Amino acid sequence: MSELLINDENGKSRFSIGDGEIIIGRSEECGLILKAQAVSRKHSKLFRDGPFYCITDLNSTNGTFVNGVKINEKTALAHRDSIAIGQARIEFYDAEGAMLEDTAIRLAGDFHNDSGDRTDIKAFVDKLIAGIKTVGEKISALNQRIPDTTQGTRALKNTLDIISADIGSIIEENKGVYTAIASAEGKKSEAALPGGSSLPAAPAAGAGERPAENPAKAIGKDYSRVLEEINDIILKVEDYKKASKFILSVAMKIIGTNRGFIVVKDPTIGSITPLVSEISSGEFAESSPSMLVAKYAINTGETIIVDDPMLDSRFMGMSESIVSGIIKSVICLPLIKNGVSLGAIYMDNTQHKRHFTSSDSDFVRALGEKVSALLEKSGFFGELIDEYEQLSARDERIAAYIDQFEKIRTKLVIEGIINETDAEKILRSIKSEAKSPILCIIDAGIASFGTLEKIFIKNGIEKVDLSQQRVTASLAAAIPYDYALVRAAAPFCRTMKKELFIAMADPFDNYTVAEIEKHTSCTVKVFYCEKSEIIKALSPFKN
């Protein structure tokens, strides 16, 4: 069951959602009538799209906002998403989403309770030393940022050097603490911790007993149990966004962050867009990740774990949210498929600093694999990969055409076919339209076909009159119609020696020739022909 929890001029109310579409606005004709300022007569539309409930704006005057962001296209809703329509405030409630939210809280609670009972003294000491080491690193980083310009700053830098050295000494002196405790009397003892909990000391090694288990492995057991439960739960959830948000919620509650995002990168323009988000503070003024960190992780394929981004040389001074201290700590892992970074799991803490461990990183990485599997199964990642591959092929074609143009550029200028201004225009067309150089010249009207014939003839290319050739359906089928039309290439003869004759408006287009040879397994012989004739010859075979 899904509902809208509404707060408008009529007060608070609930509205049950069915499978039919619902028009939202102030008109009496609307399925959901809102009494609030700045609401259009027909403002928004809510509808079911597969497993999702989606909302779209109906060209309203003041727009529709989801989680503080103005939407320009249909947007899938997740449990507890906030919708603003004029002055009305609406929360989307989803029963399955609420169940998953409760389950995430239970899993995190069980994890913290169990791991607390099973932590050994070495894990405690290791964590303490790691924390001290982190403080030392932060002091060193801060010291490097202080200018050595005055007597006061030099004194401050000297003091920080002394503190850093003292911290280093503490770490060195306590490296053997665990060994000493474990060896004492060769038996288990109880070590009291603040709060009254007790931790068993590790047995001595070499006394016929198993050495103490590595704390990362001990913690790993707890993580493994959580991962198994997560896997069992998401198998029953049809909505991949809902399942992804559940995974994100569990991760946040276990490693201790108050904001989380699963983001994807648009293949065309490179923008980073949240797919799902979880913000425990509810402050939508800060409802997006640090794009600087997210882009860095996605573009480099690196895992980013930063206890204090203000002191990290990669990010300090480059992002307002980092410089202002809003983001205290951040962990971000790229989602990689087929060697391509398609997105990332991003979590940060805006309330207090958080020291992330290698176990935290391994846990989030395992969750990232589950999210990737979900997105791949849904077809979402497949579509992204297709777009990346198409762009990659397009970039490869553009590079080949630029190289081709540089080889014939001088000849074209010497023959008086183009000038340097034309050359720059052709380069821009190649980059923007991914067309071959001669096609760019023809389509832009820079030179006539008759003028271009001179250079074709000088390069030993023969001309073909397609009106005198029989272009059959079987021949035309050798090259897809849309492809042939865009490349201005028409097959008109196939010999017994597996040789294919092609009429081309740009007979210098070796990139297209290579593609056709690969596709047809034939050797291609190229003839030049006017583009209008090629289009006319292809027209009978249009779908």
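These numbers were taken from a predicted model, which means no experiment stands behind them.
The shortest heavy-atom contact between G86 and R89 is O-NH1, 3.0 Å. Between L374 and A243, the shortest heavy-atom contact is CD1-CB, 3.7 Å. The heavy-atom pair separating A76 from C54 by the smallest distance is CA-SG, 3.9 Å. Across all their heavy atoms, R394 and S432 have their closest contact at NH2-O, 2.6 Å. Residues I233 and L107 share a closest heavy-atom pair of CD1-CD1, 4.3 Å. When every heavy atom of S277 is checked against every heavy atom of K245, the shortest pair comes out as O-CE, 3.1 Å.
The distance from the CG atom of L248 to the CZ atom of R259 is 11.5 Å, given to the nearest 0.5 Å. Between the NZ atom in K370 and the CG atom in L335 there is a gap of 14.0 Å [rounded to 0.5 Å]. Here the CG-CG distance, from L333 to L367, works out to 9.5 Å after rounding to the nearest 0.5 Å. Atom OG in S44 sits 3.5 Å away from atom CD1 in I85 (nearest 0.5 Å). Between the CE atom of M99 and the NZ atom of K236 there is a distance of 8.5 Å, given to the nearest 0.5 Å. Atoms CD and CG, from E229 and N231 in turn, are 11.0 Å apart once rounded to the nearest 0.5 Å.
More than 12 heavy atoms of other shown residues, nucleotides or ligands fall within 6.0 angstrom of atom CD in E91.
Counting heavy atoms from C-beta on, the side chains of L77 and I83 come closer than 4.5 Å. Two residues are said to be in side-chain contact when any heavy atoms from C-beta on lie closer than 4.5 Å; Y483 and E515 meet this criterion. For the pair S82 and I90, the minimum side-chain heavy-atom distance is 4.5 Å or more. Proximity of I22 to F47: side-chain heavy atoms (C-beta onward) are nowhere separated by under 4.5 Å. Side chains of Q37 and E9 form a contact here, defined as non-hydrogen atoms less than 4.5 Å apart. Residues F92 and I17 have side chains in contact (heavy-atom distance under 4.5 Å, counting atoms from C-beta outward). Side chains of N10 and D8 form a contact here, defined as non-hydrogen atoms less than 4.5 Å apart. Under the 4.5 Å side-chain criterion, counting only non-hydrogen atoms from C-beta, L375 is in contact with L275.
In this structure a side-chain-to-backbone donor-acceptor pair under 3.5 Å is missing from D348 to T257. Looking at R26, its side chain does come within 3.5 Å of a backbone N or O of V39 through a donor-acceptor pair. With hydrogens and angles disregarded, no donor-acceptor distance shorter than 3.5 Å links the side chain of H43 to the backbone of I24. A distance-only check finds no donor-acceptor pair linking the side chain of K70 to the backbone of G63 [under 3.5 Å]. Of the possible donor and acceptor atoms, one in the side chain of N299 sits under 3.5 Å from a partner among the backbone N and O of K295. Looking only at distances, a side-chain donor or acceptor of T75 sits under 3.5 Å from a matching main-chain atom of E73. At least one donor-acceptor pair under 3.5 Å links the side chain of S341 to the backbone N or O of I298. Judged by distance alone, the side chain of D94 and the main-chain N or O of G97 form a donor-acceptor pair under 3.5 Å.
Donor-acceptor pairing under 3.5 Å is lacking for the side chains of Y93 and D81. There is a side-chain donor-acceptor pair under 3.5 Å between R365 and T303. R48 and Y53 share a side-chain donor-acceptor pair at under 3.5 Å. No side-chain donor from either of N59 and K42 sits under 3.5 Å from a side-chain acceptor of the other. Judged by distance alone, the side chains of K253 and S249 do bring a donor and an acceptor atom under 3.5 Å apart. Side-chain N/O atoms of N349 and S329 include no donor and acceptor closer than 3.5 Å. For S60 and D57, the side-chain atoms include at least one donor-acceptor pair closer than 3.5 Å.
No salt bridge links E21 with K74; every basic N to acidic carboxylate O contact stays at or beyond 4.0 Å. A salt bridge links D110 with R106: at least one charged nitrogen is closer than 4.0 Å to a carboxylate oxygen. Ionic pairing of E278 and R80 is not present here: no N-O contact between side-chain nitrogen and carboxylate oxygen is shorter than 4.0 angstrom.
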Should T64 and I55 be marked as a side-chain contact (heavy atoms from CB on, under 4.5 Å) after you check the CA-CA gap, both sets of side-chain angles, and the distance that decides it? CA-CA 9 Å; T64 302; I55 190 167; 4.1 Å; yes
For the pair K242 and H79, evaluate side-chain contact (heavy atoms from CB on, under 4.5 Å) and give the outcome as yes or no after the intermediate values. CA-CA 8 Å; K242 198 178 292 183; H79 178 60; over 6 Å; no
Please step through side-chain contact (heavy atoms from CB on, under 4.5 Å) for the pair F15 and E3, ending with a clear verdict. CA-CA 5 Å; F15 185 91; E3 293 182 306; over 6 Å; no
Assess the residue pair V306 and V293 against the criterion (side-chain contact (heavy atoms from CB on, under 4.5 Å)); give the C-alpha distance rounded to whole Å, side-chain angles, the decisive distance to 0.1 Å, and a yes or no. CA-CA 10 Å; V306 184; V293 175; over 6 Å; no
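Taking the six-membered ring where the residue is Trp, Y401 and Y511 present perpendicular rings, their angle passing 60° and hence far from 30°.
A cation-pi arrangement is not found for K377 relative to Y240, the charged atom failing to lie both closer than 6.0 Å to the ring centre and inside a 45° cone about the ring normal.
Take N62 and apply the side chain to side chain contact (heavy atoms under 4.5 Å, CB included) test, not counting sequence neighbours, and it matches A38.
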